[in-house]
Structures are given as C-alpha cells and as structure tokens.
Amino acid sequence: YGTLHDNSEDYPKRKLTFNAVENGSITASSESPYYDFDALATFFATPEPGYVFGSWTGDETGTDEAKIVVMDSDKSIGATFSPDTEDSDGDGISNYEEAVKYGSDPDDPGSVPRYIYEAVGETVTITKWNDQSESEIIIPEFIAGKRVTVIGDKSFRGLFDLISIT
C-alpha cells in the first residue's frame with residue numbers, strides 16, 4: 001500500500017540548478033528551483049541576438065531549445081550558444097556580425113551600417129562598405145574610441161597608422 005501525500009511540503013524535493021551561460025539564458029517555467037520528486041520540470045534556452053542555441057550541458061543533453069525532464073534527482077543544467085553565421089537578410093553580413101558587432105537588424109538589409117571595421121590595438125581597418133547604400137558614406141569622428149582623420153576619399157588616419165580601405 002502506498003502513502004498518499006496530501007501535504008506537498010512532506011514530499012521529497014529535488015533541486016534544478018542552472019549553470020552560468022554566456023550569450024544566452026536559461027529560463028524555467030517555475031520560479032522555484034525545487035520540484036517534487038518525479039515532477040516534470042520545463043525550461044527553455046534563449047539565445048541573445050546574434051547567437052543560436054547549440055545544446056544542453058550537464059545532467060541533460062539535447063539540442064531542442066525547450067526541455068522537459070523528470071526530477072528524479074537533483075540536476076545541474078547548462079547551455080551552449082554560438083555565433084549565428086546565417087545571413088537572414090542576404091546582405092553578405094552574418095546575423096552575428098549585424099546584431100553583436102554592428103548593432104544593426106539582421107533581418108533588415110537597410111539597417112546595415114555604412115561601413116564595417118575591425119579594430120586591433122591602435123589599428124582600425126574598414127573592411128566592407130555597404131554596397132546597397134545610395135547616399136554618401138560618412139566616416140565618423142571616432143571609430144572604436146580612436147579619432148579618425150579623413151585623408152582623401154579612400155583612406156583615413158587612426159591614431160598612429162595610415163589605413164587604406166580594403
């Protein structure tokens with residue numbers, strides 16, 4: 001004969017812990033990390049803009065963004081997220097680059113910055129112009145915190161280096 005538990009406080013509990021993750025988050029459907037023994041726990045992986053969910057790590061595995069597990073033991077769960085290399089708007093720039101590096105909308109080709117740059121040390125190199133732009137390209141006063149001086153129409157001077165637009 002089994003014992004009926006009419007008071008859930010007396011029922012054994014299991015703890016669901018989420019490990020720290022980068023470039024995304026894990027959200028549970030319950031606010032409490034404690035679950036009755038054998039209860040179902042539902043949680044979700046949500047990537048930050050420019051990233052995609054990779055897989056679950058720790059006590060659970062799989063690649064579905066939503067996960068339901070039986071809480072038959074304490075569980076510690078993590079998630080991996082990686083740069084989104086797709087190009088949703090077909091402008092030649094990955095969703096990661098648009099959302100993370102340039103702050104533009106990866107679903108709108110018109111939101112691409114007029115230029116794309118790489119900053120390494122004191123060197124700033126413009127690596128791509130937005131070919132879809134019909135207006136004049138304006139190089140800002142600062143790029144990556146470095147003052148820019150325009151020299152002609154195809155080059156500019158950073159703090160110490162003359163850089164050509166490639």
Side-chain angles (χ1 to χ4, degrees), residues 15-31 33 40-69 75-166:
K15 186 174 183 181
L16 177 61
T17 304
F18 296 125
N19 300 325
V21 297
E22 295 181 6
N23 308 316
S25 62
I26 304 172
T27 307
S29 59
S30 171
E31 291 183 22
L40 296 179
T42 304
F43 47 94
F44 309 88
T46 305
E48 291 178 358
Y51 291 89
V52 292
F53 172 68
S55 64
W56 295 107
T57 62
D59 293 327
E60 291 297 324
T61 60
T63 57
D64 292 332
E65 290 182 6
K67 188 81 171 171
I68 300 173
V69 298
K75 296 187 186 296
S76 179
I77 310 293
T80 61
F81 299 91
S82 57
D84 183 355
T85 58
E86 296 295 316
D87 178 13
S88 297
D89 58 9
D91 61 4
I93 303 168
S94 75
N95 295 342
Y96 166 80
E97 289 178 311
E98 286 202 49
V100 176
K101 193 168 184 181
Y102 311 118
S104 57
D105 182 351
D107 295 319
D108 179 4
S111 73
V112 176
R114 297 187 189 281
Y115 60 88
I116 298 171
Y117 67 89
E118 296 288 335
V120 178
E122 295 301 320
T123 302
V124 177
T125 304
I126 292 180
T127 58
K128 182 177 175 101
W129 290 103
N130 178 3
D131 298 330
Q132 299 170 7
S133 175
E134 296 178 7
S135 60
E136 177 183 10
I137 302 298
I138 299 172
I139 298 175
E141 184 178 352
F142 292 93
I143 294 179
K146 297 167 179 60
R147 182 175 294 281
V148 175
T149 304
V150 176
I151 302 172
D153 56 351
K154 290 274 183 177
S155 63
F156 64 96
R157 182 174 291 281
L159 288 177
F160 301 105
D161 299 297
L162 178 65
I163 308 299
S164 294
I165 298 170
T166 57

Measuring from Lys75:NZ to Leu16:CG, what's the distance to the nearest 0.5 Å? 9.0 Å

Can you tell me how far apart OG (Ser88) and CG (Asp105) are? Round to the nearest 0.5 Å. 9.0 Å

Would you check, one step at a time, whether the test side-chain contact (heavy atoms from CB on, under 4.5 Å) holds for Ser55 with Thr61? CA-CA 7 Å; Ser55 64; Thr61 60; over 6 Å; no

Contact summary for Phe43 and Val69, nearest pair of heavy atoms: CE2-CG2, 3.7 Å

Hey, does the side chain of Asp64 reach the backbone of Ala66 with a donor-acceptor pair shorter than 3.5 angstrom? no

Specify the closest pair of heavy atoms between Asp84 and Ser94, including all atoms of both residues, with the distance to one decimal. O-CB, 3.8 Å

Taking all non-hydrogen atoms of both residues into account, name the closest pair between Ile26 and Asn19 and its distance. CD1-O, 4.4 Å

Gap separating the CG atom of Asn95 from the CG atom of Asp87, nearest 0.5 angstrom: 6.5 Å

Non-hydrogen side-chain atoms of Glu86 and Val52 separated by less than 4.5 Å: no

Can you see which heavy atom on Glu65 is nearest to which on Trp56, and at what distance? O-CZ2, 3.3 Å

Spell out, as yes or no, whether a donor-acceptor pair under 3.5 Å connects the side chain of Ser29 to the backbone of Thr42. yes

Closest contact, heavy atoms only, Pro49 versus Ala99: C-CB, 3.7 Å

Do side-chain atoms of Asp59 reach the backbone of Ile77 as a donor and acceptor pair under 3.5 angstrom? no

Roughly how far apart are Glu60 CD and Ser76 OG, rounded to 0.5 Å? 11.0 Å

If every non-hydrogen atom of Tyr51 is compared with every non-hydrogen atom of Pro83, which pair is closest and at what distance? CD2-N, 3.7 Å

